[in-house]
Protein chains: 2
Amino acid sequence: MEQLSINHISKRFGRQLVLDDVSFTLAPAKIYGLLGRNGAGKSTLLNIITNRIFPTSGTVKLGDLDTNNNDDALGKMFLMGEANLYPKRTSIRRTFDLANEAYGQFNYQTAARQLQEFGLDDQQHVNDLSTGQRTIAKLVLALNVDADYILMDEPVLGLDATHRDLFYKELLKSYQAKPRTFVLSPHLIEEVAQLVEHVVIIDQHKVIADDQVQHLLDLAHTVSGPAKLVDEYTAGLRVLASENLGNIKTAYLLDDLDDQRVIPDQVKLGHYDLQHLFIYLTSGGEHNND
Amino acid sequence: MEQLSINHISKRFGRQLVLDDVSFTLAPAKIYGLLGRNGAGKSTLLNIITNRIFPTSGTVKLGDLDTNNNDDALGKMFLMGEANLYPKRTSIRRTFDLANEAYGQFNYQTAARQLQEFGLDDQQHVNDLSTGQRTIAKLVLALNVDADYILMDEPVLGLDATHRDLFYKELLKSYQAKPRTFVLSPHLIEEVAQLVEHVVIIDQHKVIADDQVQHLLDLAHTVSGPAKLVDEYTAGLRVLASENLGNIKTAYLLDDLDDQRVIPDQVKLGHYDLQHLFIYLTSGGEHNND
């Protein structure tokens, strides 16, 4: 399997710049999170990668080959998108058959088991389903298509907690049975933090982070205590946000701690999670309660 | 304001029973959660309450009056639903005007402020919006309609964490400015646990719980320790689920603890949250890992 590279992609819709010089690389057989706020441009980017819409500039390459109108390359990528492109009376089973015709080797056996566990029947029509059920039908399709790069836009839209959990387990099972690349673009970041090895974060239409999840979490420190001591301790470090409660200040860092600095007794160190890291990185300072 | 009562509502679609003798009451000026798994019948119920579809049997009454085709009663209820009923080129502003014509007294000023905080423009067309943006447009509409009962089906569908948080704050602000009844039907239960005073839980098409959130949480105890001691201690109490890890068992109760029973030293008591309570109540035993 070859790597998929997104090179300097920009996209304008009329006067609006939706993606601004976006570059990153997806490696084979790895689970990614593509994170961004509502309106950041994630769906547009996923549609560009899979050649459903065209960038204003930039290229997408699989290995050395430009994927633009290259059927071989596009046959290795599958997008589970927002749009429902099926005609009115299309059954779930028919969507599997269409994927089998386009990609070959559709895994009907696993798909049947998964549909049953999620409580759906393959004769149901896609357009008769509720929001959550439609998501399930799309997930089961995406998990069983034979492609090296599976892109899932809002994979748990409208799913209840038990079904979300079942999806995370089935994704891991599917990955273990046949390692390939998944790109998940969810809004429930904390729930996927365990699944995802690497995240690309988009904010204001640009890539603002492209890193291993574990590395980001290692840098995500809290420092709390009397405001003056916290300020002294964190001087020169990257503070994303802070909160004051009376005289007690908590600073949220994204940085290595300095082993040289003495930590005063009244100052406590801790960690915070990926969801908060995302919020502090992307909120444009609105969470800084100073 | 009068109370809204749902009396013995059943609904069949063909051979499928979607709601089975559902009864509960909504009091004025209170925030409710209507919880259920995917496919439990929540959306159907909300559509029946607001007279968009008709029950197979049962009635909905506002005070003593049957709401069926009663324009006065229906003018006091607003449903923010899944369906997008607007024609193709409808702007957000136009949806406000339509609500103002139907219900009167639309709060344009607050709606304008909220749209700005969520980053939308009232000239945007509803059909051009992404999933998350469409939810925002619907939320702002629902929060500013002049109605005593506001029903919100999947209120945070596709919203990022910061926008979800903003919605919860705006809902409380709106409620405080003008107390009225909200019914939220979300899948992110833990996030609304603080907002919601009372929950109605639907499972397998029936009401399985109808209670104050605080009362349910008071009953939600964990008991952990050596399996034999946990079993002795919980005998006769309502155990929803249990987990074993080696010889250590954790039982999830929904019951008062018995003050008469001696708690052995090795047994620890604790609490669990509304999300887990919901999962254990509705999973049909699949979380019992015994």
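As a basis for the values below, the full set of heavy atoms in this structure was taken, side chains included, without hydrogen atoms, waters or symmetry mates. Values in this document were obtained by computation on a predicted structure and should not be read as measured data. Here is how names work: the chains are called A, B, and so on, in the same order as the sequence lines, proteins then strands, and each is numbered from 1.
- Of the listed residues (Ser130(B), Ser43(B), Gly158(B)), the greatest number of heavy-atom pairs within a distance under 4.5 Å of chain A belongs to Gly158(B).
- Contacts between Thr131(A) and chain B at a heavy-atom distance below 4.5 Å involve backbone atoms as well as side-chain atoms.
- In this structure, Phe118(B) has its ring center no closer than 6.0 Å to that of Phe167(B).
- Counting heavy atoms of neighbouring residues, nucleotides and ligands inside a 6.0 Å radius, atom CD of Glu190(A) exceeds 12 of them.
- For the pair Lys11(B) and Phe13(B), the cation sits on the ring face: its NZ or CZ lies under 6.0 Å from the ring centre, inside 45° of the axis.
- Heavy-atom distances place both the backbone and the side chain of Leu159(A) under 4.5 Å from chain B.
- Of the inter-residue distances, the one linking Glu191(B) atom CD with Leu184(B) atom CG reads 12.0 Å to the nearest 0.5 angstrom.
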